[in-house]
Amino acid sequence: VVTAGTTMLAYARGGLVNDAKRVFDCSPHQSVVSWTSMLDAYAQCGDLLQACGCFRKMPHWNVVTFTVLVQAYVRAGETGSAVGWFEFMPQRSSVSWNTILAMHAQNGNLNMAKRTFEKMACWDSVAWNTMALAFALRGFIREATAIFQAMPEPSLVSSNLMIAAYAQNGHLQKACSVFEALEQRDTVSWTSMVAAFAQAGEMARAKEMFQVMPRKDIWSWNSIISAFAKSGHDRQAIETFHELSSDGQCRPDEVSFLVVLTACSHVGCMKEAWSCFNSMEVDHGLKPIKEHYCCMVDILSRAGQLSRAEELLDNMPFLPD
RNA sequence: CCAAUCUGUUAAAAGAC
């Protein structure tokens with residue numbers, strides 16, 4: 001019973017809801033925790049209907065259950081229902097409050113974010129970070145800075161988000177200062193700097209950051225590949241993608257393919273695009289999604305291969321829109 | 001503390017300017 005939730009969560013993170021469900025069904029005794037993990041699995045894969053169904057079937061709910069449900073509505077973009085359930089739930093934890101706060105921040109609803117923040121009984125590090133983000137996303141970088149400086153206990157996440165906030169608002173130097181002031185850095189810090197230099201058009205320094213960073217994850221790879229593709233270094237993007245494909249630590253994901261297909265499209269290299277697209281499923285077990293098809297159709301159309309583009313659309317496993 | 005919340009990578013088009 002204790003490990004069922006953990007196992008299910010592992011499956012859920014990998015997008016393997018069905019496996020999570022199997023573990024759940026095989027558990028001799030289903031606790032609130034395993035029910036909630038199952039609910040979360042549906043929420044994480046974006047299946048709101050299943051999530052709601054799961055919620056209704058549960059024998060008991062607690063504050064975590066409700067919060068996961070609220071989060072499911074947030075992920076589905078159902079702001080009203082999220083708030084509705086948030087207000088309905090019998091108790092709210094700081095995580096519940098932070099969930100709603102983050103929703104308003106992501107929606108760019110600064111006023112609601114402020115109101116929520118003011119209503120909170122206490123502000124933990126997540127609440128402070130989310131509030132700084134709310135300002136940064138709307139371009140209020142001075143206010144974000146003020147929040148950052150007012151934080152009682154800024155965390156690595158706080159610094160990382162400020163690096164990105166400064167970079168996205170054109171303050172590369174400030175991003176660098178925050179990065180240099182860090183005593184501990186994680187992969188997010190480094191990747192944020194790769195993106196920061198790239199956004200400022202400093203590709204040489206972006207590349208250098210990528211090369212010297214102590215550990216790279218898939219986000220780091222995608223970040224540099226995307227930077228190459230956006231700056232017209234499409235051959236480098238494709239080359240780096242191939243390095244990633246033969247890397248021992250990381251495997252390309254859906255984003256990697258989307259980005260490399262874009263690079264192929266820029267250079268008009270249909271052969272390369274096809275071979276990438278095909279290797280997605282064959283070599284990497286990744287199902288192309290709408291965006292990949294879109295990109296391929298675009299490449300084929302530009303190359304004048306309209307019949308092949310149509311053929312691809314006809315063989316798509318989902319309905320075109 | 002068996003589950004929930006904050007940070008880095010995402011194509012094209014449209015719209016706005």
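Residue numbering restarts at 1 for every chain, and letters A, B, ... go by the order of the sequence lines.
Between the side chain of A:D217 and the base of B:G8, a donor-acceptor pair under 3.5 Å is found. Looking at A:S93, its side chain comes within 3.5 Å of the base of B:A4 through a donor and an acceptor atom.
Minimum atom distance to the side chain of A:V157 is reached by B:U7, of the listed B:A4, B:U7, B:U5.
Counting to the nearest Å, the P atom of B:A3 and the OH atom of A:Y42 are 20 Å from each other. In this structure, CE of A:M209 is placed 14 Å from C1' of B:G8, rounded to the nearest angstrom. In this structure, CZ of A:F197 is placed 18 Å from P of B:G8, rounded to the nearest angstrom. For the pair A:M162 CE and B:C6 P, the interatomic distance rounds to 18 Å; values are reported in whole Å. Following rounding to the nearest Å, A:F66 (CZ) and B:U5 (P) show an atom-to-atom distance of 17 Å. Residue A:W61 contributes atom CH2, which lies 22 Å from atom P of B:A3 at whole-angstrom precision. Following rounding to the nearest Å, A:F55 (CZ) and B:A3 (P) show an atom-to-atom distance of 20 Å. Rounded to an integer number of Å, the gap from CE of A:M151 to P of B:C6 is 15 Å.
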Query raised in the report: What string of B, S and - do you get for nucleotides 9-16 of chain B, 5' to 3', if B is base contact, S is sugar-phosphate-only contact and - is no contact with any protein heavy atom under 4.0 Å?
Result: BBB-----

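Residues satisfying the side chain to side chain contact (heavy atoms under 4.5 Å, CB included) test with A:H266, not counting sequence neighbours, are A:D234, A:T262.
A continuous path of hydrophobic side-chain contacts links A:W97 to A:L133 [ILVMFWY only; heavy atoms under 4.5 Å].
Residue contacts shown for A:S158 are absent, as no nucleic acid heavy atom lies under 4.0 Å away. The residue A:S155 sits apart from the nucleic acid: no heavy atom pair falls under 4.0 Å. No contact: A:D124 has no heavy atom under 4.0 Å from any strand. Note on A:T67: a base of the nucleic acid sits closer than 4.0 angstrom, heavy atoms only.
For A:D247 (side chain) and A:E243 (main-chain N/O), no donor-acceptor pair under 3.5 Å exists by modelled atom type.
Listed by first then second residue, pairs satisfying ring pair (Phe, Tyr, Trp, His ring centres under 6.0 Å) with a partner in residues 180-211 of chain A read A:F179-A:W190, A:F210-A:W221, not counting sequence neighbours.
Summarising the geometry of A:P252 relative to A:S256, their closest heavy-atom pair is CA-OG, 3.5 Å, with the distance given to 0.1 Å.
Note on ring orientation: taking the six-membered ring where Trp is involved, the planes of A:W85 and A:F66 are tilted (angle from 30° to 60°).
Contact annotation: A:Q106 reaches the phosphate of B:U7 (side-chain N/O to OP1 or OP2, under 4.0 Å).
Residues A:I147 and A:M151 have side chains in contact (heavy-atom distance under 4.5 Å, counting atoms from C-beta outward).
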